[in-house]
Amino acid sequence: MATQSSAAVISATSAAGRVESFPDSKKPIGYCKSGNMSSRICAMAKPNDAETLSSSSSVDMSLSPRVQSLKPSKTMVITDLAATLVQSGVPVIRLAAGEPDFDTPKVVAEAGVNAIRQGFTRYTLNAGITELREAICRKLKEENGLSYAPDQILVSNGAKQSLLQAVLAVCSPGDEVIIPAPYWVSYTEQARLADATPVVIPTKISNNFLLDPKDLESKLTEKSRLLILCSPSNPTGSVYPKSLLEEIARIIAKHPRLLVLSDEIYEHIIYAPATHTSFASLPDMYERTLTVNGFSKAFAMTGWRLGYLAGPKHIVAACSKLQGQVSSGASSIAQKAGVAALGLGKAGGETVAEMVKAYRERRDFLVKSLGEIEGVKISEPQGAFYLFIDFSAYYGSEAEGFGLINDSSSLALYFLDKFQVAMVPGDAFGDDSCIRISYATSLDVLQAAVEKIRKALEPLRATVSV
């Protein structure tokens with residue numbers, strides 16, 4: 001139950017229209033006062049222009065159209081909102097953030113501490129310390145069958161920066177970036193930052209959310225510049241089998257301008273018999289592929305902010321030039337920790353294997369438990385730590401004291417406000433029929449979440465045909 005302080009927290013707006021009362025100091029980023037339920041998943045809300053301008057009419061405080069057009073990350077908005085509710089005394093079960101619940105492995109953390117104690121706290125080479133780039137090259141050779149030199153590696157402040165710099169380096173205004181949906185929330189916005197046009201290709205839950213090569217071929221034009229692939233996938237957990245990637249590669253080979261940005265950040269979080277294939281390892285794809293990976297997910301190092309790009313030397317150099325004007329090199333301390341992480345052994349050794357074992361147990365529990373709920377559709381994830389669940393059978397239902405549930409945003413808000421479970425609506429990932437659950441939390445927490453989800457859906461069945 002919410003404590004007395006929860007009166008100062010969100011109270012979901014129903015069709016009748018109730019009003020929230022966040023104190024100004026505790027309003028999460030992206031919060032809005034709209035009376036519309038769906039828009040109150042605040043990433044959908046646009047800021048009030050009047051609030052962005054100075055009270056003095058003589059000073060132009062307007063924002064650039066480029067920034068104004070960007071959509072906030074719903075993942076971050078809901079994560080911040082859930083954290084604010086918890087701080088205010090509301091016992092929210094947080095299943096929104098894609099962040100491991102494990103501590104950074106001890107040997108990795110100690111490497112960071114030792115870097116501080118030994119005074120390794122100054123600027124590094126913009127591209128990253130040689131020791132780390134050489135370790136990355138060994139990793140790519142031994143685990144992925146890819147041969148790179150250190151000058152083909154760029155270490156950045158997280159894989160998100162690596163992805164953005166790659167998009168900015170190769171895309172020109174008017175170029176098209178091909179993005180299978182569901183997609184990670186930042187892909188489309190990063191394309192727009194490059195003045196490129198996102199071309200979204202829907203996939204089907206019946207096909208495990210994998211891109212159909214025929215659909216890809218039908219969307220390619222002379223403007224097609226970049227295909228973004230993520231395997232294992234955020235948000236679906238789908239893993240592309242090698243045979244399917246080979247089909248996609250044969251199509252790409254027909255288009256001289258088309259490059260591939262391969263996001264492999266979840267590479268080590270994979271469940272047998274599924275296996276990971278690096279796209280750059282496929283015939284004729286090495287020179288066309290920009291591979292992005294990092295340390296946040298597999299090594300539980302989200303706060304260390306460390307990722308990297310591997311690719312053709314001239315493209316990596318262009319990304320390095322961008323980085324030199326934006327942030328310079330990654331943290332010296334994090335880089336030393338990264339060296340230690342890569343020293344844990346192939347695929348992170350036993351340390352990462354234990355984490356993956358726990359993720360698999362959680363996945364199996366959720367697939368079985370939620371799959372028993374009437375009207376719910378699930379594609380069993382083969383990697384990462386997400387379930388992308390189709391709840392669309394419940395759209396059109398009326399929730400007492402809440403109002404109409406007609407899309408993923410209103411359903412996610414219903415789960416959060418009435419049952420204190422925070423999840424991310426699927427429209428943030430380009431598929432409004434689903435909601436993403438992160439199972440990077442304990443089994444006890446997931447068991448409690450399943451019970452709340454069951455209770456939340458029970459009264460909705462009477463108002464729709466499930």
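Quick note: residue numbers are just sequence positions, from 1. Keep in mind that what you see is a predicted model, and the values were worked out from it rather than measured.
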Quiz prompt | 4.5 Å side-chain heavy-atom contact, Arg436 and Leu387 | solution = no

Exercise. Dump the intermediate steps for ring-ring contact (aromatic ring centres under 6.0 Å, His included) on Phe429 and Tyr187, then the final yes or no.
Key: CA-CA 9 Å; Phe429 308 99; Tyr187 293 151; over 10 Å; no

Quiz prompt | Pi-cation contact, Phe120 with Lys336 (under 6.0 Å, within 45°) | solution = yes

Quiz item: So which heavy atom on Ser156 is nearest to which on Gln323, and how close?
Solution: OG-OE1, 2.5 Å

Quiz item: So does Arg250 pair up with Glu247, basic N to acidic O under 4.0 Å?
Solution: no

Quiz item: Would you say the side-chain atoms of Ser438 pair up with the backbone N or O of Ala97, donor to acceptor, closer than 3.5 Å?
Solution: yes

Quiz item: Which heavy atom of His276 sits nearest a heavy atom of Ile270, and at what distance?
Solution: N-CD1, 3.5 Å

Self-check item: Cation-aromatic face contact Arg461/Tyr394, 6.0 Å, 45 degrees
Solution: no

Exercise. Apply salt bridge (charged side-chain N to carboxylate O under 4.0 Å, His left out) to Lys139 and Glu267, showing your working.
Key: CA-CA 12 Å; Lys139 176 260 185 246; Glu267 168 192 18; 2.9 Å; yes

Quiz prompt | Member of Asp431, Asp427, Val424 meeting the side chain to side chain contact (heavy atoms under 4.5 Å, CB included) criterion with Ser408 | solution = Asp427

Quiz item: Under a 4.0 Å N-O cut-off, is there an ion pair linking Lys297 with Glu99?
Solution: no

Practice problem: State which residue, out of Ile93, Asp101, Val450, fulfils the side chain to side chain contact (heavy atoms under 4.5 Å, CB included) condition with Val445. | Solution: Ile93

Practice problem: May I ask you to decide if Leu229's main-chain N or O and Asp263's side chain share a donor-acceptor pair within less than 3.5 Å? | Solution: no

Quiz item: Can you name the nearest heavy-atom pair linking Asn234 to Trp184, along with the distance?
Solution: ND2-CD1, 3.1 Å

Quiz item: Are more than 12 heavy atoms from other residues, nucleotides or ligands located less than 6.0 Å from atom NZ of Lys452?
Solution: yes

Quiz item: Side chain of Tyr240, backbone of Leu211: donor and acceptor closer than 3.5 Å?
Solution: yes

Quiz item: Just by modelled atom types, is the Leu413 backbone N or O under 3.5 Å from a matching donor or acceptor in the Asp417 side chain?
Solution: no

Quiz item: Are Phe209 and Tyr183 close enough that their ring centers fall under 6.0 Å?
Solution: no

Quiz item: Relative to each other, are the rings of Tyr359 and Tyr439 parallel, tilted or perpendicular (30° and 60° limits)?
Solution: perpendicular

Quiz item: Salt bridge between Lys357 and Glu361, side-chain N to carboxylate O under 4.0 Å?
Solution: no

